Amino acid sequence: MGRVYNFSAGPAVLPEEVLAEAAAEMLDYRGVGMSVMEMSHRSKPFAEIIETAEADLRELIGIPDNYKVLFLQGGASQQFAAVPMNLMRNRVADYIITGSWAKKAWKEGKIYGDARAIASSEDETFSYIPDCSDLPISEDADYVYICENNTIYGTKFHTLPNTKGKDLVADVSSCFLSEPVDITKYAVMYGGAQKNIGPAGVVIDIIREDLITDDVLEGTPTMLKWKTQADADSLYNTPPAYGIYICGKVFKWLKDQGGLEAIGKRNEEKAAILYDYLDQSKLFKGTVRKEDRSLMNVPFVTGSDELDAAFVAEAKEAGLVNLKGHRSVGGMRASIYNAMPKAGVEKLVEFMDGFEKAHA
Ligand SMILES: *Cc1c(COP(=O)(O)O)cnc(C)c1O
């Protein structure tokens, strides 16, 4: 068997072109005589790698000059702490709880101040996005926090919450660069690279500049202070250099695909193939309210644990791997990130259809 169709939620599929290019440059990066893994992060070739990566990311999203881009370590989970440490000046923040990742961030926020859960969809296993048009936003809230795409449950905010003028902080780990985005609606947008961008080990923060100050919570570690990282252009200490290099290649790949407009259209087409099939299937059922469906993570069930297990096992045999759902939802989950080709989704639906006929 060659390369499989990998539906993992993360670390996840990367564009084959990117992997092939990295392989070709592995032993000798563009005549430097060594791999990117072996070079100094203060060297000229690496400076070019990180600067080009940032410039391409800025171009893809359309990031204005008053936003900083940081390439950091510690994963999205470390930002659960960095966000309150850098922003909770009044020690109050409002969290919208739409899944496990939002809940973890909220719990972390509570260590540092009065983190309030102002809306939640936990009553229905996070299968929908609560109405966020008129929330009880705290008057003294330092920020309003969302997890924009809920990787485990397969929901997405298709409309951002009305924050009543408060700064919006969004964890976009599993929908980063999946469609065009207006960054000016966010104060902070961040995400781990290992879902929709690159390899594990890099988290990307896009932060409005006025929020990067010395006025952080007492006891904030130097490394978690955004100002430390911003002042050093993400090179305060050794960055996740190889990961940043691969992210840079993915940004180039996205530009070659036509940018976020084109990739967004393709993601909609891909997701429609799967959702249209689910909507007419008599065996498989999507688990999420239609209007809140994610384009990236698609959970579905048969209603029978045995059939679910049989499906996952048989799909694996057919080269469709990592379809088992998260343990908190059960069933199946197909993550169909940017790098999943349309042919992979078509093959999945064809396989599901065959499975359904065999079990009718
Ligand atoms: C995977 C994930 C995380 C956790 O990421 P780490 O980099 O492992 O800390 C946080 N938020 C969302 C939305 C995720 O999908």
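We're numbering straight along the sequence, starting at 1. As the structure is a prediction and not an experimental result, all values here were calculated from the model. Computed from heavy atoms alone, side chains included, the values below leave out hydrogens, waters and symmetry copies.
The closest side-chain heavy-atom distance from I49 to Y29 is below 4.5 Å. Counting heavy atoms from C-beta on, the side chains of S178 and I263 never come closer than 4.5 Å. Using a 4.5 Å cut-off on side-chain heavy atoms (C-beta onward), F284 and V301 make no contact. A 4.5 Å side-chain heavy-atom check between D123 and Y128 finds at least one atom pair inside the cut-off. Side-chain contact check for M352 versus L278: some heavy-atom pair is nearer than 4.5 Å. Annotation: side chain of Y145 is not in contact with side chain of T163 (no heavy-atom distance under 4.5 Å). Using a 4.5 Å heavy-atom cutoff, the side chains of L135 and D94 are not in contact. Contact check for L57 versus L177: side-chain heavy atoms found under the 4.5 Å cut-off.
Here the side chain of E122 pairs no donor or acceptor atom with the backbone of G99 at under 3.5 angstrom. Between the side chain of D56 and the backbone N or O of L60 there is no donor-acceptor pair closer than 3.5 Å. Between the side chain of R91 and the main chain of Y112, a donor-acceptor pair closer than 3.5 Å is present. In this structure, the side chain of S234 engages the main chain of F71 through a donor-acceptor pair within 3.5 Å. In this structure a side-chain-to-backbone donor-acceptor pair under 3.5 Å is present from D142 to V92. In this structure, T52 contributes its side chain and E48 its backbone to a donor-acceptor pair below 3.5 Å. No donor-acceptor pair closer than 3.5 Å links the side chain of Q194 to the backbone N or O of G75. Although no hydrogens or angles enter the test, the distance criterion places no donor-acceptor pair under 3.5 Å between the side chain of E25 and the main chain of A22. The backbone N or O of S35 sits less than 3.5 Å from a side-chain atom of E38, completing a donor-acceptor pair. Listed for the N86 side chain is a donor-acceptor partner under 3.5 Å among the backbone atoms of A82.
Heavy atoms only, all atoms of each residue included: K195 and S173 are closest at CB-O, 3.3 Å. Taking every heavy atom of both residues into account, F251 and A53 meet most closely at CD1-O, 3.3 Å. The two residues K270 and N338 make their nearest non-hydrogen contact at NZ-O, 3.6 Å. Here the closest heavy-atom approach between residue S127 and residue T287 is recorded as CB-O, 3.4 Å. Contact detail for V4 and G319: the closest heavy-atom pair is CB-O, 3.5 Å. What you find for P130 and T98 is that their closest heavy atoms are CD-CG2, 3.7 Å.
The cluster map of Ile, Leu, Val, Met, Phe, Trp and Tyr, joined by side-chain heavy atoms under 4.5 Å apart, puts V321 and V349 in different clusters. Hydrophobic clustering (ILVMFWY, side-chain heavy atoms < 4.5 Å, transitive): F126 and V288 are in distinct clusters. Cluster membership for V202 and I63, using ILVMFWY side-chain heavy atoms within less than 4.5 angstrom, is shared. Under a hydrophobic clustering in which Ile, Leu, Val, Met, Phe, Trp and Tyr are joined whenever their side-chain heavy atoms come within less than 4.5 Å, directly or via other members, L211 and F80 fall into the same cluster. Residues Y95 and L160 do not share a hydrophobic cluster, defined by chaining ILVMFWY side chains whose heavy atoms lie under 4.5 Å apart.
Under the 30°/60° scheme for interplanar angles, the aromatic rings of F351 and F311 are found to be tilted.
No hydrogens or angles considered: nothing links the side chains of D140 and N90 as a donor-acceptor pair under 3.5 Å. Between the side chains of D182 and T184, at least one donor N or O lies within less than 3.5 Å of an accepting N or O. N297 and Y153 are not linked by any side-chain donor-acceptor pair at a separation below 3.5 angstrom, with hydrogens and angles left out of the test. Residues E16 and W253 bring no donor and acceptor atom of their side chains to less than 3.5 Å of each other.
With respect to E17 and K249, no salt bridge is recorded, no charged nitrogen being found less than 4.0 Å from a carboxylate O. Here K225 pairs with D214 in a salt bridge; the nearest charged N to carboxylate O distance falls below 4.0 Å. The pair K252-E21 fails the salt-bridge criterion, with no side-chain N (NZ, NE, NH1 or NH2) lying under 4.0 Å from an Asp/Glu carboxylate O. Classification of K255 and E59 as a salt-bridged pair holds, one side-chain N sitting under 4.0 Å from a carboxylate O. For the pair K68 and D205, the salt-bridge criterion is not met [side-chain N within less than 4.0 Å of a carboxylate O]. A salt bridge links E54 with R58: the closest approach of a Lys/Arg side-chain nitrogen to an acidic carboxylate oxygen falls below 4.0 angstrom. At a threshold of 4.0 Å, the pair K156-D292 does not count as salt-bridged, since none of the basic side-chain nitrogens sits closer than that to a carboxylate oxygen. Between R293 and D279 there is a salt bridge, with a side-chain nitrogen of the basic residue lying less than 4.0 Å from a carboxylate oxygen of the acidic one. Between K104 and D171, no side-chain nitrogen of the basic residue sits less than 4.0 Å from a carboxylate oxygen of the acidic one, so the salt-bridge criterion is not met. No salt bridge links K166 with E139; every basic N to acidic carboxylate O contact stays at or beyond 4.0 Å.
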Point to revise | Test log, rule side chain to side chain donor-acceptor pair (under 3.5 Å), inputs Y337 and N6 | key: CA-CA 10 Å; Y337 296 120; N6 178 10; over 6 Å; no
Exercise for review: Under the side chain to side chain donor-acceptor pair (under 3.5 Å) rule, what do S133 and N162 come out as? Steps first, then yes or no, please.
Suggested key: CA-CA 5 Å; S133 56; N162 175 4; over 6 Å; no
Review point. Are T238 and R42 close enough, and set up right, to give a side chain to side chain donor-acceptor pair (under 3.5 Å), and what steps lead you there?
Key: CA-CA 9 Å; T238 319; R42 311 264 175 220; over 6 Å; no
Check your understanding: Taking it one step at a time, do R289 and E124 satisfy salt bridge (charged side-chain N to carboxylate O under 4.0 Å, His left out)?
Key -> CA-CA 10 Å; R289 247 186 232 177; E124 290 179 33; 3.7 Å; yes
Exercise for review: Apply side chain to side chain donor-acceptor pair (under 3.5 Å) to S138 and R116, showing your working.
Suggested key: CA-CA 9 Å; S138 306; R116 301 171 183 165; 2.8 Å; yes
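Residues Y67 and Y186 keep their aromatic ring centres 6.0 Å or farther apart. Taking the six-membered ring for Trp, F46 and Y245 have ring centres at least 6.0 Å apart. Taking the ring centroids of F176 and Y190, they lie at or beyond the 6.0 Å cut-off.
Atom CZ of F157 and atom CD1 of I129 lie 4.5 Å apart (nearest 0.5 Å). Within the model, atoms OG of S120 and CD1 of I97 stand 6.5 Å from one another, a figure rounded to the nearest 0.5 Å. Interatomic distance, CD1 of I204 versus SG of C247, reported as 4.5 Å (0.5 Å rounding).
Looking at I212, V169, I206, L168 one by one, the single match for side chain to side chain contact (heavy atoms under 4.5 Å, CB included) with V188 turns out to be V169.
Open room surrounds CG on D305; 12 or fewer heavy atoms of other groups in view lie less than 6.0 Å from it.
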